[in-house]
Amino acid sequence: MPRPITAVIHAQALRQNLAVVRQAMPNSKVFAVVKANAYGHGIERVYESFKSADGFALLDLDEAKRLRALGWTGPILLLEGIFSAQDLFDCAQYQLSFTVHNTQQVAWIQQHAYPAQFDIFLKMNSGMNRLGFKPQQYRDIWQQLSQSDNIASITHMMHFSDADGDRFGETGIDYQLQQFDAAIAGLPGERSVSNSAAILRYQTQLQSDYVRGGIMLYGSSPDYPKHTIQDWGLAPGMSLRSEIIAVQQLDAQESVGYGSSYVAEQPIRIGIVACGYADGYQRISATGTPVLVSGIRTQIIGRVSMDMLAVDLSPISDADVGSEVVLWGQSSSGTVLAIDEVAAGSGTIGYELMCGVTARVSFITQE
Ligand SMILES: *Cc1c(COP(=O)(O)O)cnc(C)c1O
């Protein structure tokens with residue numbers, strides 16, 4: 001028998017989450033963002049559920065090629081654009097759209113001496129200050145590129161830094177949107193602005209020809225704890241499940257695990273779970289981080305080690321070796337433990353947990 005830890009990918013949940021994007025933005029085309037191997041879920045495993053999207057967005061050429069190998073013939077957008085002049089040959093061959101965010105990339109396109117018709121997404125830095133052209137440079141770059149023979153279309157693109165916060169105003173998304181709208185005023189071309197947080201939170205204010213939904217597709221709330229996945233109608237796309245492989249009875253004052261960081265105040269029955277930081281469960285998760293045993297909510301206790309962690313079995317008296325443990329996601333009986341709640345227990349976000357499941361964990365896909 002293989003070690004009992006498994007990441008279960010829920011096809012039905014992924015479809016449901018895509019439907020939430022559609023409902024929120026009925027007039028927009030939807031890019032399903034599948035960067036980082038579909039946020040750790042596996043591009044091949046999510047493809048069937050997401051292939052009704054209008055396009056896919058990601059970063060790596062290799063991942064784009066994997067989508068083509070699956071039979072996807074629609075749009076694919078490279079979110080960080082090209083990394084060398086050479087990449088343009090792949091973009092032409094595999095028909096990849098790509099962002100253009102710096103002058104080096106502009107020069108590579110202008111110097112590309114082979115026939116091509118690129119669909120590009122010209123990125124404006126409207127305040128995030130990572131990628132893109134400042135609003136005052138933007139029109140000039142747009143002019144240059146629109147004169148290039150090898151450009152078929154230019155979509156105006158920006159990215160919000162604060163769509164998951166409450167700053168719709170001077171420092172928030174309102175400001176970025178004003179910068180964007182003012183800089184592209186009068187220019188032809190479609191627009192792409194919203195990520196998951198903007199799709200869910202500002203659907204009435206933001207019109208976008210293309211939205212770029214990522215985290216919400218996988219069943220994590222972009223603005224947790226303000227809103228939970230239940231508030232948004234999202235379902236976990238991944239469940240990290242394992243089993244209890246040992247049970248211990250601690251007396252008062254006994255401890256469990258390295259460093260004896262947890263000391264029992266009274267006698268307690270605990271379970272040892274085949275899951276540790278080498279599986280992608282965060283080592284800094286504190287005692288009290290929620291976990292499901294046999295579908296019932298309890299907490300982890302003590303220090304997470306490489307291959308194991310301990311859970312409090314007090315609420316589940318019949319739990320024993322072989323009982324199901326859900327680190328995040330959904331139990332076989334249907335109880336949901338949102339990845340966001342678990343992430344909060346280690347001071348991080350759902351994105352990091354789902355991207356961090358390690359190679360030794362086996363994956364399966366379920367309806
Ligand atoms: C990752 C990414 C997205 C998706 O963001 P989510 O918060 O996961 O929805 C959208 N746009 C760009 C440019 C990105 O890099």
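Only this structure's heavy atoms are used, side chains among them; waters, hydrogens and symmetry mates stay out. First listed ligand is number 1; within each ligand, the first listed atom is number 1. The residues of the chain are indexed from 1 along the displayed sequence.
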Atom 9 (O) of ligand 1: the protein heavy-atom neighbour that sits closest, reported with distance to 0.1 Å: S196 OG, 2.5 Å

Just which atoms of ligand 1 are under 4.0 Å from any heavy atom in L79? 13 (C), 14 (C), 15 (O)

Quick note on ligand 1: atoms under 4.0 Å from a heavy atom of I215 include exactly 6 (P), 7 (O), 8 (O), 9 (O)

Atom 12 (C) of ligand 1 sits nearest the protein heavy atom H159 CE1, 3.5 Å

May I ask whether Y39 places a heavy atom under 4.0 Å from ligand 1? yes

Around atom CG of D251, are there more than 12 heavy atoms of other residues, nucleotides or ligands at under 6.0 Å? yes

Just checking F180 against F160, ring centres under 6.0 Å apart? no

Selected option - heavy-atom contact closest to atom 14 (C) of ligand 1, from R130, R212, K35: K35

Any idea which protein heavy atom is nearest atom 7 (O) of ligand 1, and the distance to it? Y351 OH, 2.6 Å

Check for me whether the distance between the ring centres of F121 and H156 falls short of 6.0 Å. no

Can you confirm whether more than 12 heavy atoms, excluding those of Q144, are under 6.0 Å from its CD atom? yes

So that I know where these two stand, are Y39 and Y218 an aromatic pair - ring centroids less than 6.0 Å apart? yes

M216 and ligand 1 - part of the residue with a heavy-atom distance under 4.0 Å: neither

Sequence neighbours excluded, the answer for ring pair (Phe, Tyr, Trp, His ring centres under 6.0 Å) partners of F118 is F98, H112

